[in-house]
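In this chain, numbering begins with 1 at the start of the sequence shown.
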Amino acid sequence: MEEPAEVRIGRGQRLIEATREDLELFGFAELEERIEILRSEIARCQAQIDRKQAGRAAADALFGARQS
């Protein structure tokens with residue numbers, strides 16, 4: 001008998017689930033920690049956006065901008 005396949009969690013699904021958590025269950029310190037984690041994630045996302053924009057700008061400079 002085969003073992004059941006692992007269920008794949010979709011990209012970003014854990015973040016979506018975290019936004020649905022009941023914040024009433026968290027204490028003051030836990031909420032502050034959560035905010036710091038979210039700020040760090042925002043900074044990480046912004047840094048990735050900046051890297052991608054820089055890469056795109058470099059490609060556009062080398063090959064010319066794409067026409068939409």
Side-chain angles (χ1 to χ4, degrees):
M1 194 160 109
E2 288 185 39
E3 292 184 30
E6 287 187 35
V7 177
R8 287 192 67 190
I9 297 173
R11 188 179 300 177
Q13 188 61 36
R14 287 192 175 105
L15 181 59
I16 291 168
E17 290 170 4
T19 64
R20 294 180 180 155
E21 287 182 311
D22 184 1
L23 297 179
E24 287 292 324
L25 303 175
F26 289 83
F28 182 80
E30 291 171 315
L31 288 169
E32 285 188 327
E33 180 182 12
R34 185 180 178 105
I35 288 170
E36 284 305 311
I37 291 168
L38 291 169
R39 284 184 178 143
S40 294
E41 183 62 8
I42 289 167
R44 192 172 78 99
C45 289
Q46 189 60 58
Q48 186 64 31
I49 288 169
D50 294 345
R51 281 192 293 276
K52 287 179 179 278
Q53 286 176 332
R56 178 59 181 262
D60 286 347
L62 184 61
F63 299 110
R66 290 182 13 190
Q67 299 292 326
S68 295

- [ ] Could you identify which residues cluster with Val7, counting Ile, Leu, Val, Met, Phe, Trp and Tyr as linked when any side-chain heavy atoms lie under 4.5 Å apart, either directly or through a chain of such contacts?
- [x]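 Once heavy-atom contacts under 4.5 Å are chained together, Val7 still belongs with nothing else.
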Task: Remaining members of the apolar cluster that contains Leu62, side-chain heavy atoms under 4.5 Å - done: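 Hydrophobic cluster check, Leu62: joined to Phe63.
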- [ ] Could you tell me the separation between the SG atom of Cys45 and the CG atom of Leu38, rounded to the nearest 0.5 Å?
- [x]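 Atom-to-atom, Cys45:SG and Leu38:CG are 10.5 Å apart.
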Task: Gap between atom CD1 of Ile49 and atom CD1 of Ile42 - 0.5 Å precision - done: 10.5 Å
Apply side chain to side chain contact (heavy atoms under 4.5 Å, CB included) to [X] and list each qualifying residue two or more places apart in sequence or on a separate chain.
{"X": "Ala18", "result": "Glu21, Arg34"}
{"X": "Arg11", "result": "none"}
{"X": "Leu31", "result": "Leu23, Phe26"}
{"X": "Glu24", "result": "Asp22"}

- [ ] Can you run down the side-chain hydrogen bond (donor to acceptor under 3.5 Å, both in side chains) pairs that involve residues 50-64, sequence neighbours left out, and say none if there aren't any?
- [x] Gln46-Asp50, Gln48-Arg51, Arg56-Asp60
Task: Contacts of Glu41 that satisfy side chain to side chain donor-acceptor pair (under 3.5 Å) - sequence neighbours left out - done: Arg44
Open item on the list: So, using side chain to side chain donor-acceptor pair (under 3.5 Å) as the criterion, who are the partners of Arg14 when residues are at least two apart?
Closed with: none
Task: Partner set under salt bridge (charged side-chain N to carboxylate O under 4.0 Å, His left out) for Arg39, not counting sequence neighbours - done: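 If we apply the salt bridge (charged side-chain N to carboxylate O under 4.0 Å, His left out) test to Arg39, skipping adjacent residues, the hits are Glu36.
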Open item on the list: A quick test of your reading: do over 12 heavy atoms of other residues, nucleotides or ligands sit less than 6.0 Å from CD of Glu33?
Closed with: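 No - once you tally the heavy atoms of other residues, nucleotides and ligands closer than 6.0 Å, there are 12 at most.
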